[in-house]
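Written below as structure tokens is the structure these notes are about.
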Amino acid sequence: MPFPPKPLVDHRIYTIKPRRMPEFLEVFDRLAMPVLQKTLGTPLGFYQSLVGPLNQVVHLWGYDDLVDYERRCHARDTHPDFPAYLAASEHLIVAQETRLIRRVDLPSLQ
């Protein structure tokens, strides 16, 4: 199976205030993940930076196409429990980057 398993990936990078990563991860896991798992599904990956720009969390979510992406993001954004996460995390997040990246099917990866 080619990697990633979905042809469209939402690649998100959150930069967290220095020395606040443990608090952010706790808030994210407790308040965001239940909503995200109901609306976006299971993430393809969840990572923390070790080298390069520090204090960053990267998470990847797979989608079938732009319609799937828009539908599931709308479900996330309108979920009644999502504002609690936004309010609890806003003082911890310095910046957010969101990229939609498309899988390239190289024959050598088949």
Side-chain angles (χ1 to χ4, degrees):
M1 177 169 67
F3 180 83
K6 294 285 188 172
L8 188 67
V9 173
D10 179 2
H11 175 270
R12 293 191 175 234
I13 303 170
Y14 289 86
T15 303
I16 307 306
K17 286 186 177 178
R19 295 173 299 286
R20 303 303 289 270
M21 185 65 75
E23 181 182 357
F24 172 78
L25 292 174
E26 188 279 324
V27 167
F28 190 90
D29 194 45
R30 180 171 46 88
L31 297 175
M33 281 304 287
V35 173
L36 298 179
Q37 288 178 315
K38 286 178 189 170
T39 59
L40 303 183
T42 301
L44 300 177
F46 200 91
Y47 306 90
Q48 184 176 349
S49 62
L50 295 178
V51 176
L54 298 178
N55 305 307
Q56 291 187 329
V57 171
V58 177
H59 45 102
L60 308 169
W61 302 86
Y63 300 92
D64 295 324
D65 52 36
L66 282 173
V67 172
D68 183 37
Y69 168 78
E70 289 177 352
R71 178 184 55 80
R72 290 198 275 155
C73 287
H74 177 74
R76 174 201 61 211
D77 295 343
T78 59
H79 192 285
D81 295 336
F82 199 56
Y85 159 70
L86 297 175
S89 64
E90 70 180 330
H91 71 285
L92 301 169
I93 300 171
V94 174
Q96 175 184 344
E97 296 176 51
T98 302
R99 297 181 180 107
L100 285 179
I101 55 177
R102 186 177 2 187
R103 181 181 67 214
V104 175
D105 292 319
L106 296 175
S108 61
L109 295 177
Q110 298 299 320

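All figures in this text were calculated on a predicted structure; none of them were measured in a lab. For reference, positions follow the sequence shown, starting with 1.
Cluster membership check: Phe46 shares its hydrophobic cluster with Leu36, using side-chain heavy-atom separations under 4.5 Å among Ile, Leu, Val, Met, Phe, Trp and Tyr. The same ILVMFWY cluster, assembled from side-chain heavy atoms under 4.5 Å apart, contains both Met33 and Tyr14. Both Leu92 and Val57 belong to a common hydrophobic cluster when Ile, Leu, Val, Met, Phe, Trp and Tyr are linked at side-chain heavy-atom distances under 4.5 angstrom.
Residue Thr39 holds its OG1 atom at 11.0 Å from NE2 of His74, rounded to the nearest 0.5 Å. Separating the CD atom in Gln48 from the CD atom in Gln56 is a distance of 10.5 Å, to the nearest 0.5 Å. The distance from atom CZ of Arg102 to atom CG of Asp65, rounded to the nearest 0.5 Å, is 11.5 Å. Atom NE2 of His59 and atom NE2 of His11 lie 10.0 Å apart (nearest 0.5 Å).
The closest side-chain heavy-atom distance from Ile16 to Ile93 is below 4.5 Å. Side-chain contact between Leu66 and Leu100: present, with at least one pair of heavy atoms (C-beta onward) separated by less than 4.5 Å. Two residues are said to be in side-chain contact when any heavy atoms from C-beta on lie closer than 4.5 Å; Lys6 and Arg103 fail this criterion.
Of the candidates Leu40, Val67, Asp77, Arg72 forms a side chain to side chain contact (heavy atoms under 4.5 Å, CB included) with just one, namely Leu40.
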Solution key, residues 18-32 side-chain donor-acceptor pairs under 3.5 Å, sequence neighbours excluded:
from  : atom 1 : to    : atom 2 : distance (Å)
Arg20 : NE     : Glu23 : OE1    : 2.9
Arg20 : NH2    : Glu23 : OE1    : 2.7
Glu23 : OE2    : His91 : NE2    : 3.2
Glu26 : OE1    : Arg30 : NH2    : 3.3
Glu26 : OE2    : Arg30 : NE     : 2.6

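A tilted orientation is assigned to the rings of Tyr85 and Phe82, their planes being inclined by 30° to 60°.
Looking only at distances, no side-chain donor or acceptor of Thr15 sits under 3.5 Å from a matching main-chain atom of Val94.
Among all heavy-atom pairs drawn from Gly41 and Trp61, the shortest one is O-CZ3, 3.0 Å.
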